[in-house]
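Step one of this worksheet: look at the structure below.
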Amino acid sequence: MAEETDASPPPELALADTDINWERLDKIRFHIIGAVLFTAQSALLHPVSVVKTRMQVAGSGMSQMRGMDVFKPILRNDGIPGIFRGFGTSAIGSLPGRVLALTSLEVSKDMTLKYMDRFDMPEATRVGVANGVAGMLSNLVSCVYYVPLDVICQRLMVQGLPGTASCNGPFDVVHKVMKVEGVRGLYRGFGLTALTQSPASALWWGAYGAAQHVIWRSLGYNNEMEKPSHAEMVTVQATAGLLAGACSSIITTPLDTVKTRLQVMDNFSGGRPSVLNTTKTLLEQEGWCGFYRGFGPRFLSMSLYGTTMIVTYELIKRLSLKQD
């Protein structure tokens, strides 16, 4: 028996470690590891975001093109820097926002789970609702920081396209926007982002939490101390993230198209841009199909993002567990 014990493989993480709460995390390690891994993940997906953004801009001549047909000229004419336009600003600027978003996500999820203990409901529903509430609140809080950053990065991505101003770096973007529109210009699309992305975030996190719980139970893991393999853990979490990301992209692409045009266009011939005017113009010029310009790259980006983000995020949490 002793020999069999010595020959056995090292213990795997328990099922409880697929959903690590805020109290079990080393906060400093959590944010440092998160900054490194999420920046690397963002770098992998940034070229897709550049293509999607250019396809959504009115007058760019790219709205009718396929994603690869947009990507190739950028790479040919501008090289690697072209497909990474705005990345430096996004990567550095996202660091404080990510701390704000992740902290609010984990804290609000813990509070919601504790509050919902008093209700008699299926565990998958409880987990889904708690994740959904946390996702919505986290998005609302982080919008205050991320919307101006989004405006700056998107303007850098669409440099040289018709209807957009030429800028020499992020500080020049801020200067020109503030000069023409003041602080309001940096918050173009804030209302649309908050009112649409927050429910979308709630849907994503709620679907992920519920899907992961259901998948584990369907695989026969019913005890929190059961030990799935690392491969099983990553596969289940990646599958749940993929499904959540795909659903979210289908629902949010029309709103994302309107938001992108609202944030980057500088042609004020029809008055100051608004959600209503931008939507009306898009509908008149391109019909209902126009709302799904850039859907292919966005679908790919959201699906890949959903998968890589959640696998990265769960890995960060496992690496940040407090040492007993």
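Quantities reported herein were computed from a predicted structural model and do not represent experimental measurements.
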For a 4.5 angstrom cut-off between non-hydrogen side-chain atoms, does [X] reach [Y]?
| X | Y | value |
| --- | --- | --- |
| Leu186 | Glu181 | no |
| Met233 | Pro228 | yes |
| Val99 | Leu95 | no |
| Leu137 | Val141 | no |
| Glu106 | Leu102 | no |
| Ile20 | Leu321 | yes |
| Lys109 | Leu105 | no |
| Ser90 | Arg85 | no |

[X] (side chain) donor-acceptor with [Y] (main chain) under 3.5 angstrom:
| X | Y | result |
| --- | --- | --- |
| Thr39 | Ala91 | no |
| Asn21 | Arg24 | yes |
| Asp150 | Tyr146 | no |
| Asn139 | Gly135 | no |
| Thr103 | Leu100 | no |
| Lys176 | Val174 | no |
| Tyr187 | Val144 | yes |
| His213 | Thr125 | no |

Roughly how far, to the nearest 0.5 Å, is the [atom2] atom of [Y] from the [atom1] atom of [X]?
| X | Y | atom1 | atom2 | result |
| --- | --- | --- | --- | --- |
| Ile80 | Leu75 | CD1 | CG | 5.5 Å |
| Phe38 | Ile316 | CZ | CD1 | 4.0 Å |
| Leu156 | Asp172 | CG | CG | 9.0 Å |
| Leu45 | Met309 | CG | CE | 11.0 Å |
| Trp205 | Ser138 | CH2 | OG | 8.0 Å |
| Ile92 | Phe87 | CD1 | CZ | 9.0 Å |

Within 6.0 Å of NZ in Lys72, more than 12 heavy atoms from elsewhere =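 Open.
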Is the count of non-hydrogen atoms from other residues, nucleotides or ligands lying under 6.0 Å from Met116 atom CE greater than 12?
->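 Enclosed: over 12 neighbouring heavy atoms sit under 6.0 Å from CE of Met116.
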Test salt bridge (Lys or Arg N to Asp or Glu O under 4.0 Å) applied to Lys114 and Glu23, step by step = CA-CA 12 Å; Lys114 291 175 182 177; Glu23 294 176 356; 2.8 Å; yes
Scan side-chain atoms only and decide if Thr308 and Gln41 contain a donor-acceptor pair under the 3.5 Å cut-off.
->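 Side-chain D/A pair, Thr308 to Gln41: present.
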Please determine, by modelled atom types, if Gln237 and Tyr313 share a side-chain donor-acceptor pair under 3.5 angstrom.
->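 Per modelled atom types, Gln237 and Tyr313 side chains form no pair under 3.5 Å.
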Is NZ or CZ of Lys317 both nearer than 6.0 Å to the six-membered ring centre of Trp22 and within 45° of the ring axis?
->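 Here Lys317 fails the 6.0 Å and 45° test against Trp22.
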Pair Gln212-Glu314, side chain to side chain contact (heavy atoms under 4.5 Å, CB included): steps then yes or no | CA-CA 12 Å; Gln212 184 185 192; Glu314 297 289 5; 4.3 Å; yes
So Val70 and Val51, side chain to side chain contact (heavy atoms under 4.5 Å, CB included) or not? Walk me through it.
-> CA-CA 6 Å; Val70 175; Val51 171; 4.0 Å; yes
Is there a side chain to side chain contact (heavy atoms under 4.5 Å, CB included) between Leu149 and Ser94 once you walk through the steps?
-> CA-CA 8 Å; Leu149 181 63; Ser94 292; 3.7 Å; yes
Residues in side-chain hydrogen bond (donor to acceptor under 3.5 Å, both in side chains) with Ser320, at least two apart?
->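 Testing Ser320 for side-chain hydrogen bond (donor to acceptor under 3.5 Å, both in side chains), a comparison that skips the adjacent residues, returns none.
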Please test Glu123 against Arg126 for salt bridge (Lys or Arg N to Asp or Glu O under 4.0 Å), starting from the C-alpha separation and ending with a verdict.
-> CA-CA 5 Å; Glu123 183 67 11; Arg126 190 174 77 92; 3.1 Å; yes
